[in-house]
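To find a chain, count down the sequence lines: A is the first, B the second, and so on, and within it residues start at 1. Because the structure is predicted, anything quoted here is derived from the model rather than measured.
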Amino acid sequence: MNLVIVESPTKQKSIAKILGQDYLVRSTYGHIRDLPTSRLGVNVEDNFSPEYVVLGRAKKIIAELKKILADRPKIYLATDYDREGEAIAWHVTEVLKIKPEQAWRITFHEITPPAIKAALQNPRKLDINLVNAQQARRILDRLVGYRLSPFLWRKVRRGLSAGRVQSVAVRLIVEREKEIAEFVPQDYYQIIGNFVFGQVPGQKIRATLYRLDEEKVEFQQSFNFFATEYKITQTKFTDEKKVAELIKILSTGNYSVSKVEEKPGKRNPPPPYITSQLQQDAARYLHFSPKRTMSIAQQLYEGISLGPQEQVGLITYHRTDSVYVSPLAIESGRRYIAEKFGSQYLSENIRHYRTRVKGAQEAHEAIRPTDVRRDPESIKKYLTPEQFKLYQLIWTRFLASQMASATYQQLIVEITGRDFSGGDFSSAVFRLHGQTLVFAGFRRLWTMAEEEGEKDQAEIVRPAENSRVSAESFLAEKHTTNPPPRYNEASLIKTLEEHGIGRPSTYAPIVSTIILRRYVQLAERKFRPTKLGLLVNDILVKHFNFVVDLQFTARMEKELDEVADGKQPWTRVVRETVQPLEESLSQAKDIARQKVTAEVTTARCPKCGAPLLRKEGRWGEFLACSAYPECRYTARINSSGQPNPAPEMTAEKCPKCGAPLLKRHNWRGRAFLACSAYPDCRYTRSIKDAQDKLS
DNA sequence: CAGTGAGCGAGCTTCCGCTTGACTT
């Protein structure tokens, strides 16, 4: 029996099923070796030679692999077809001392019988260049992270961290906050005309002022923000009085229909899900955090017991950057569409999507149902409500991706006014732009399109061209330009991904890290930087700009590709990054220690009457007396930034010891009942009061 | 995740990327 090694136990099961009796399949559970956590683990003097240690969790699996290794003529390393997968395979051969002539590398993009069998027909040797590209990536990240973090411990506070990915994530949030602060909102007016045409009583049409003579009234402004180009459209009417005068002039004109244009429009379905897109949609439509989405997706991937049958994996792998779909799955999806909806709902040709993600490694398929015939409703009773909702999203999105386009009829009506008394223009064009759905296509299934601003109108009335219309009324609608929105978890991930920063397996953890370090806070699901975040970001931008540059990762990836292609040694890539890093470190080594300025609050110290300060400590913000160290008073702050109210006596008695119960508040600001005999009696009970539930 | 929970407030911290359970925040 030959041995096949993969990295995921679920992949192990699927492959074992496909390969049958002749192969023994085992999984590594991810990486098995890494640099040590407690020290640098890289010998910079000796060409960056790494010190690898076996991960604790891998000890057992390695011991087992060693046992079953003997007398295997061939060992197939079937880890993912990407940089990390190649490295895992290499570490396995190193740790298990597998001889080169024994080790065969096989790769595939989909876990289907034809793909796996084809892979076994074409085994190859380990690609040491690709392994070296991974080593360069790993060592570079270690050097950046483990050199910058201690610098921050010395200059700001212990326990802080910095890194190629997290520090850019924080910077995005900081820069956005500046962009919002500097944005000057502008009031502007849109002028609406209500026109009547046809036989009395007539039909009504509502159109917006579009042009005065040849000049359009709307214009677009574009802001070059840190990570994105921000565009806003507004009209040139900003003065309320002038708008009122304009309306007076407009109402003196004679109006007629100058253009009626009808043309077809269409919209294509979105591609099947990749990790980041699933996280975004689950946040938008289901209000799941990326972390939650990944945890539920993991359950769907690992498998659910559907009745008496054994566990069955409902979706393909959920950490992917590829929109590729197995031909078999496309075929069964298309058959399902034709059967359930009719062949008119099928796209004319098979839709092939292109992966747009920068630096995508495309080791897996898109996220899709493993069997489209398991429609969400039919298995609903076996799923938790959350599993059901996420599965439904994935299933629907996949099927929609092979469905026909939605088609529309677009209508543009222009009404021109002339013969005005007063005003410095001779014609004014009002315009109505509407569309009606002709054929739903994929939108029959993918109903999210409506929420994406795809508003359909009922039948729009069509006046005849050149017919006269009467102006019934004009009005000015006031609008204000909006600053760019703060990031939420999903949009932050989207932006990082657009710049090739982070990987599907790290998107959710990145968010957790920057919150854990207290660089940023989530309030009402929006990110804001903390004072600490602002301070650390300032230091990094000032002294280590090249690291927190949006292009840093992109440049690194380009170099790593050259390593993978054998065009340059991996040590050169590391050296070229480490040199400026060390120079910056030595230049910044004598900068003054920075402090997060404590905020003076309006509250007074109950002990000595001095003002209280809001300070950041190891466990978050707390209130401290400004007379420290003479007065050592401190108080906790709950998660909404307020000190908790003092405990309150209630009329209720403790069911355990009979002492009166106190109403207290926990660290989140939530009230609960606790025994006043604490710590002798530790009874507590939740208050099931709607008032205390902030969500 | 669900449900806990009450204080602590300058000493051994930290990176990114693969993978799952463990388990008390």
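A salt bridge (Lys or Arg N to Asp or Glu O under 4.0 Å) check over residues 34-43 of chain A, counting only residues at least two apart or in different chains, returns the pairs A/Asp34-A/Arg138, A/Arg39-A/Glu51.
Here, B/dG5 and B/dA22 have their C1' atoms 22 Å apart, quoted to the whole Å. Annotation: B/dT20 and B/dG3 have their P atoms spaced 27 Å apart (nearest Å). Rounded to whole Å, the separation between the P atoms of B/dC1 and B/dT19 comes to 22 Å. Nucleotides B/dG7 and B/dC23 are separated by 22 Å at their C1' atoms, to the nearest Å. The gap from the C1' atom of B/dT25 to that of B/dC8 amounts to 15 Å, rounded to the nearest Å.
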Using residues 577-584 of chain A as the side-chain source, report each donor-acceptor pair under 3.5 Å to any protein atom, sequence neighbours left out, with the distance given to one decimal.
unit_1   : atom_1 : unit_2   : atom_2 : d
A/Thr577 : OG1    : A/Val573 : O      : 3.4
A/Glu582 : OE1    : A/Arg147 : NH2    : 2.6
A/Glu582 : OE2    : A/Arg147 : NE     : 2.9
A/Glu582 : OE2    : A/Arg147 : NH2    : 3.4
A/Ser584 : OG     : A/Pro580 : O      : 2.8

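A/Glu365 meets the side-chain hydrogen bond (donor to acceptor under 3.5 Å, both in side chains) test with A/Arg368; sequence neighbours excluded. In this view, A/Thr495 satisfies the side-chain hydrogen bond (donor to acceptor under 3.5 Å, both in side chains) rule with no residue, not counting sequence neighbours.
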Exercise for review: For nucleotides 14-21 of chain B, just jot down a letter per nucleotide in 5' to 3' order: B, S or -, based on protein non-hydrogen atoms under 4.0 Å.
Suggested key: BBBBBBB-

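When the options A/Glu7, A/Glu84, A/His91 are evaluated for a side chain to side chain donor-acceptor pair (under 3.5 Å) with A/His31, the one that passes is A/Glu84.
Paired regions of DNA chain B, requiring three or more successive Watson-Crick or G-U pairs whose two hydrogen-bonding distances fall under 3.5 Å, are not present.
Ring geometry for A/Phe544 versus A/Phe151: interplanar angle over 60°, hence perpendicular rather than tilted (30 to 60°). Using the six-membered ring where Trp is involved, A/Phe552 and A/Phe546 have ring planes that are perpendicular, over 60° apart on the 30 and 60° scheme.
Going from atom CZ of A/Arg154 over to atom C1' of B/dG11 covers 15 Å, rounded to whole Å. The NZ atom of A/Lys291 sits 14 Å away from the P atom of B/dT25 (whole-angstrom rounding).
A distance of 9.5 Å separates OG in A/Ser161 from CH2 in A/Trp153, rounded to the nearest 0.5 Å.
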